[in-house]
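First up is the structure itself, then whatever we jot down about it.
Only heavy atoms go into these numbers, but all of them, side chains included; no hydrogens, no water, no symmetry mates. Because the structure is predicted, anything quoted here is derived from the model rather than measured.
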Amino acid sequence: MCHKELPENYIFHDKIDLKNNKKQFWIVQGISLVILVVMLVAGYFIDFSFTGNSYEPFIALAVLIVGFVVYIILHEAVHGLFMYAFLKAKINFGFCGWAAYAGSTGYYDKKRYIVIALAPLITFGVIFAVLNVFFHSGMWFWVIWVLQIANVSGASGDMFCTYKMLTYPKNILVRDTGIEMTVYRVATEEELNAMKNADTENGDCDDGVKSDD
C-alpha cells in the first residue's frame with residue numbers, strides 16, 4: 001500500500017543519496033561507464049557503417065541532440081506518471097546540477113517503487129529496440145543506438161536503487177524527493193515500546209518544569 005502520510009508504526013531504515021553519498025555516487029557512475037563501454041562495443045559488432053550523403057551526418061546529429069533532450073524530459077515524465085498513478089500525491093520535477101529528477105511527497109511500498117524506478121528503462125528500452133529493428137544499419141542505426149545507450153547507462157541510478165530495494169525488508173515505504181530516497185520500515189514491538197517510554201519520560205520532565213513567575 002502507498003500512503004500520503006507516514007504511518008505511525010514506521011521508522012527510519014536507510015537513505016539513498018546519489019548526490020552527496022560519494023560511495024553510492026561512484027558506484028552508480030561506475031555502473032554507467034561499464035554499460036556505456038559494453039554497449040558501444042556491441043554496437044560496433046552489430047553495425048559499424050556510417051553511410052549517408054554529405055548532409056545526412058548533420059541531420060543525424062541534430063536529430064540525436066533533440067532526441068536526447070526530449071528523452072530526458074520523457075524519462076522523468078514516466079517516473080512521475082507512475083508515481084501519480086500509484087498515489088495521487090504532489091509530483092515535483094526539476095534539475096539538480098546536470099541531472100533531471102521527478103519526486104513525490106508520497107510514501108511507496110517496495111513493489112510499486114521498483115516499478116516506478118524501472119518504468120522508463122523498460123519503456124524506452126522497448127521503443128528504441130523496435131526502432132533499431134527498422135533502422136538496423138548505417139547512420140540512423142547509430143542515432144537510435146546512442147539513445148538506447150543513454151537510456152540504459154543513464155538508468156544506472158534506477159538500477160542501483162532497485163538493487164537496494166531488493167535488499168530491504170518486505171514491508172518498507174519509500175519517499176523519493178527526486179534527489180534522495182528515504183526508506184522506512186515497520187518498527188518492532190521493542191522499538192515501539194522504547195519510543196513510548198521515551199515520550200512518557202519527556203512528558204514527565206515537561207510536567208516537572210516550574211515557572212519562576
Side-chain angles (χ1 to χ4, degrees), residues 14-50 57 60-83 93-103 110-168 174 176-181 183:
D14 196 12
K15 178 179 287 187
I16 302 173
D17 188 343
L18 302 182
K19 177 185 176 183
N20 298 311
N21 187 313
K22 298 304 180 182
K23 180 180 179 180
Q24 294 177 351
F25 174 84
W26 287 113
I27 288 175
V28 170
Q29 299 309 308
I31 295 171
S32 181
L33 180 60
V34 170
I35 292 172
L36 174 66
V37 172
V38 169
M39 291 189 70
L40 281 174
V41 172
Y44 173 85
F45 284 103
I46 295 172
D47 184 85
F48 195 62
S49 62
F50 292 89
L61 179 60
V63 171
L64 179 60
I65 293 173
V66 173
F68 183 70
V69 173
V70 172
Y71 162 74
I72 292 175
I73 296 172
L74 292 179
H75 179 105
E76 300 307 327
V78 171
H79 278 313
L81 178 64
F82 275 83
M83 284 178 174
F93 297 96
F95 284 88
C96 182
W98 53 268
Y101 68 82
K110 185 174 185 175
K111 291 182 179 179
R112 288 176 177 81
Y113 188 74
I114 289 176
V115 172
I116 291 169
L118 297 181
L121 170 64
I122 296 172
T123 300
F124 293 104
V126 172
I127 291 173
F128 292 141
V130 171
L131 288 173
N132 266 143
V133 170
F134 293 98
F135 300 94
H136 55 272
S137 63
M139 193 169 301
W140 294 104
F141 161 79
W142 277 97
V143 169
I144 298 167
W145 188 249
V146 169
L147 290 174
Q148 182 73 286
I149 292 174
N151 176 51
V152 180
S153 64
S156 57
D158 296 329
M159 290 185 279
F160 176 77
C161 290
T162 299
Y163 162 74
K164 293 289 287 184
M165 292 301 122
L166 296 175
T167 66
Y168 293 145
V174 184
D176 185 351
T177 64
I179 300 174
E180 61 183 24
M181 286 65 71
V183 182

- request: Give, for atom CZ of F68 and atom CG of N151, the distance between the pair rounded to the nearest 0.5 Å.
  value: 10.5 Å
query: Rounded to the nearest 0.5 Å, how far does CD1 of I72 lie from CG of L74?
result: 10.5 Å
task: Could you grab the distance from atom CD1 of I27 to atom OG of S156, nearest 0.5 Å is fine?
output: 11.0 Å
message: If we ignore hydrogens and angles and just use 3.5 Å, is the side chain of S32 paired with the main-chain N or O of S153 as donor and acceptor?
response: yes
- request: Give the intermediate values and the outcome of side chain to side chain contact (heavy atoms under 4.5 Å, CB included) for residues M39 and W145.
  value: CA-CA 9 Å; M39 291 189 70; W145 188 249; 4.0 Å; yes
task: Might you point out which heavy atoms bring Q148 and G125 nearest each other, and give the distance in Å?
output: NE2-O, 3.0 Å
task: May I ask you to decide if the ring planes of Y71 and F124 are parallel, tilted or perpendicular, using 30° and 60° as cut-offs?
output: perpendicular
field: Audit row: H136, I46, side chain to side chain contact (heavy atoms under 4.5 Å, CB included) steps and yes/no
entry: CA-CA 8 Å; H136 55 272; I46 295 172; over 6 Å; no
- request: Please lay out, stage by stage, how I16 and F160 fare under the test side chain to side chain contact (heavy atoms under 4.5 Å, CB included).
  value: CA-CA 10 Å; I16 302 173; F160 176 77; 4.2 Å; yes
Check: H79 side chain, A119 main-chain N or O, donor-acceptor pair, under 3.5 Å: no
task: Of all the heavy-atom pairs spanning L118 and D158, show the shortest one and how long it is.
output: CD2-O, 4.4 Å
field: From CA spacing to verdict: side chain to side chain contact (heavy atoms under 4.5 Å, CB included), I114, L166
entry: CA-CA 9 Å; I114 289 176; L166 296 175; 3.9 Å; yes
message: Please give me the minimum heavy-atom distance between W142 and L40, naming the atom from each residue.
response: CH2-O, 3.9 Å
- request: Evaluate the side-chain proximity of F45 to V41: yes if any heavy-atom separation is below 4.5 Å, no if none is.
  value: yes
- prompt: Hey, what do you get for OH (Y168) to NZ (K164), rounding to the nearest 0.5 Å?
  reply: 4.0 Å
Taking every non-hydrogen atom, the tightest pair across I144 and L131: CD1-CB, 3.7 Å
query: So does F135 have more than 12 non-hydrogen atoms from other groups sitting under 6.0 Å from CZ?
result: no
From OH (Y113) to CE (M83), nearest 0.5 Å: 5.5 Å
query: Above 12 or not: heavy atoms from other molecules or residues under 6.0 Å from CZ of F93?
result: yes
- request: Would you check if the side chain of D176 reaches a backbone N or O of M181 as a donor-acceptor pair within less than 3.5 Å?
  value: no
- request: Identify which one of Q29, E180, Q24 satisfies the side-chain contact (heavy atoms from CB on, under 4.5 Å) criterion when paired with L18.
  value: Q24
Closest non-hydrogen atom pair, E76 against A102: OE1-N, 3.1 Å
